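A quick write-up on the structure given underneath.
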Amino acid sequence: MSAPVIAIDAMGGDFGPHCVVPASLSCLAESPSLHLVLVGQSSLLEQLVAQHSGVDRSRLKIVDAPEMIGMDERPSQALRGKPRSSMRIALEQVRDGAAQACVSAGNTGALMALARQVLKTLPGIDRPAMVTAIPTQGDPCLLLDLGANVDCAAEQLFQFAVMGAVAAESLGRMRPRVALLNVGTEEVKGNQQVKQAALLLQQAADLNYLGFIEGDGLYRGEADVAVCDGFVGNVLLKASEGVASMLVARVEALFRRSLGARIVGVAALPLLRRLRAELSPAQYNGASFLGLQGIVVKSHGGAGADGFKVAIRRAASDVEHDLPALLGRRLGPFLAASQLPVECGDVTGGNARSSN
């Protein structure tokens, strides 16, 4: 396989190029086969790159993009008002074959809207979904959607489940266990969309569908893929990050309360460091947009350099597995077989809305 080429929206995120450039150069140094395209205000990017010695410029290209999309801008503004934004031009690098993937820490809604316009969705897919791995008591669980689609129809939840299963298979999971995140495990629980999505999934003979799962079951590792709408997924993800940070902080505070506790804390320091590393949100940074005819990875807007490097690695992994082609081959049979029973009636909810 040829060396991966990844386009980076260098102007996106809370910290912009002052975080993205060092993270990109560090990732470049750690991965001898990696090639990066930094997209943004070229004079600033050249200045920041020049501050680092030993940069292999044969594997680094800078593409000028004079405009940038703010974190608070509406997707419609990004679509119509900024044709030369760093986000759009980075996506166009993928569309035109100059790069195999795009990574951005910018405005989520704008990235979703632009990615759909520039790269288009795979046949049969209504809307892409954001997916990432979250830690559990067992292997990490793939959770989708994470906020790209606030309201989802049953067919869209079904599509998310299929795409999540294929993504899990690309990570080495054999017959990944798929579940719908719900307020209970009983068949009568949940809203209409979730119940109808369950009926669709029950018909998919090649899908290892377990049924409904609650939040605590997710963290016990009872599923490899958990499916929900973007509102629920985003709240769950942010709550998980907050709880993980709180637990680490509370444990560290306990070891500082007294002299005896501090002595014990010194002995437990290696375990504390391991706990902090395993629960760090940065370790799981980078959400792939599944369902596009190209690879796009969204980094958390507030991610630091270590977190952004993880997002770049996620994009490189998606390139290695050629995830869009894999999804395209697997989706057809699943989607053709998915039909709601007549007695279920029409699916409610309409078209999903992209979150900002």
Side-chain angles (χ1 to χ4, degrees), residues 121-134 136 139-185 187 189-215 217-218 221-234 236-237 287-292 318 321 323-324 326-341 344 347-349 351-352:
T121 57
L122 291 168
I125 295 298
D126 296 332
R127 283 181 175 267
M130 293 172 62
V131 62
T132 196
I134 62 171
T136 74
D139 292 327
C141 175
L142 295 185
L143 175 67
L144 69 166
D145 181 39
L146 298 176
N149 306 282
V150 176
D151 297 323
C152 296
E155 288 95 339
Q156 291 164 342
L157 292 173
F158 174 82
Q159 292 170 12
F160 296 170
V162 174
M163 292 192 295
V166 174
E169 289 173 356
S170 76
L171 297 175
R173 308 284 180 87
M174 299 299 294
R175 281 188 56 79
R177 300 162 298 163
V178 179
L180 284 169
L181 192 60
N182 200 5
V183 295
T185 59
E187 291 185 2
K189 296 289 184 68
N191 59 28
Q192 193 72 357
Q193 289 92 326
V194 170
K195 292 177 182 178
Q196 292 176 342
L199 292 173
L200 288 173
L201 289 167
Q202 288 165 6
Q203 297 177 52
D206 293 334
L207 203 66
N208 187 13
Y209 174 61
L210 303 181
F212 296 145
I213 190 173
E214 295 182 86
L218 186 153
E222 294 177 0
D224 299 306
V225 178
V227 180
C228 58
D229 64 50
F231 182 90
V232 172
N234 191 269
L236 177 61
L237 178 66
S288 301
F289 280 10
L290 300 182
L292 292 168
D318 288 353
H321 294 101
L323 201 52
L326 182 62
L327 284 168
R329 290 194 299 270
R330 294 294 308 277
L331 286 173
F334 278 116
L335 300 182
S338 66
Q339 295 292 330
L340 281 173
C344 287
V347 175
T348 61
N351 292 328

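The shown structure was predicted, so the numbers you read here are calculated from the model rather than taken from an experiment.
Of the possible donor and acceptor atoms, none in the side chain of Q159 sits under 3.5 Å from a partner among the backbone N and O of A129. Judged by distance alone, the side chain of D145 and the main-chain N or O of M130 form a donor-acceptor pair under 3.5 Å. Between the side chain of N191 and the backbone N or O of V194, at least one donor-acceptor pair lies under 3.5 Å.
The structure places CZ of F160 at 10.0 Å from CG of L146, a figure rounded to the nearest 0.5 Å. L122 CG to M163 CE: the interatomic distance, rounded to the nearest 0.5 Å, is 8.0 Å. Rounded to the nearest 0.5 angstrom, H321 NE2 and L171 CG are separated by 6.5 Å. Note that SG of C228 is 7.5 Å distant from CG of L144, once rounded to the nearest 0.5 Å. To the nearest 0.5 Å, the span separating CD1 on I213 from CG on N182 amounts to 11.0 Å. Atom CD1 of I134 is separated from atom CG of L218 by 4.0 Å, given to the nearest 0.5 angstrom.
Other residues, nucleotides and ligands place more than 12 heavy atoms under 6.0 Å from the CD atom of Q202.
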Q. How far apart are the C-alpha atoms of R127 and T121, what are their side-chain angles, what is the distance that settles it, and do they pass the side-chain contact (heavy atoms from CB on, under 4.5 Å) test?
A. CA-CA 7 Å; R127 283 181 175 267; T121 57; over 6 Å; no
Q. For V227 and L201, what are the C-alpha separation, side-chain angles and deciding distance, and is it a side-chain contact (heavy atoms from CB on, under 4.5 Å)?
A. CA-CA 11 Å; V227 180; L201 289 167; over 6 Å; no
Q | V166 and L290: CA distance, side-chain angles, deciding distance, side-chain contact (heavy atoms from CB on, under 4.5 Å) verdict | A | CA-CA 10 Å; V166 174; L290 300 182; over 6 Å; no
(Q) side-chain contact (heavy atoms from CB on, under 4.5 Å) for L323 and S170? Distances and angles first, verdict last. (A) CA-CA 8 Å; L323 201 52; S170 76; 3.9 Å; yes
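The minimum heavy-atom distance linking F212 with G184 is given by the pair CB-O, 3.4 Å. A pairwise comparison of heavy atoms in R177 and E222 identifies NH1-O, 3.3 Å as the closest pair. Listed here is the closest heavy atom pair of V225 and A168: CG2-CB, 3.9 Å. Annotation for P140 and A133: closest pair CB-CB, 3.8 Å, computed over non-hydrogen atoms. Contact between N208 and P176 at its shortest, heavy atoms only, is CB-O, 3.3 Å. For L157 against Q193, the heavy-atom pair with the smallest separation is CD1-O, 4.1 Å.
Counting only heavy atoms from C-beta outward, the side chains of R173 and D139 approach each other to under 4.5 Å. Using a 4.5 Å heavy-atom threshold, the side chains of L180 and Y209 count as touching.
Just one residue in the list R175, R330, M174 forms a side-chain contact (heavy atoms from CB on, under 4.5 Å) with E169, and that residue is R330.
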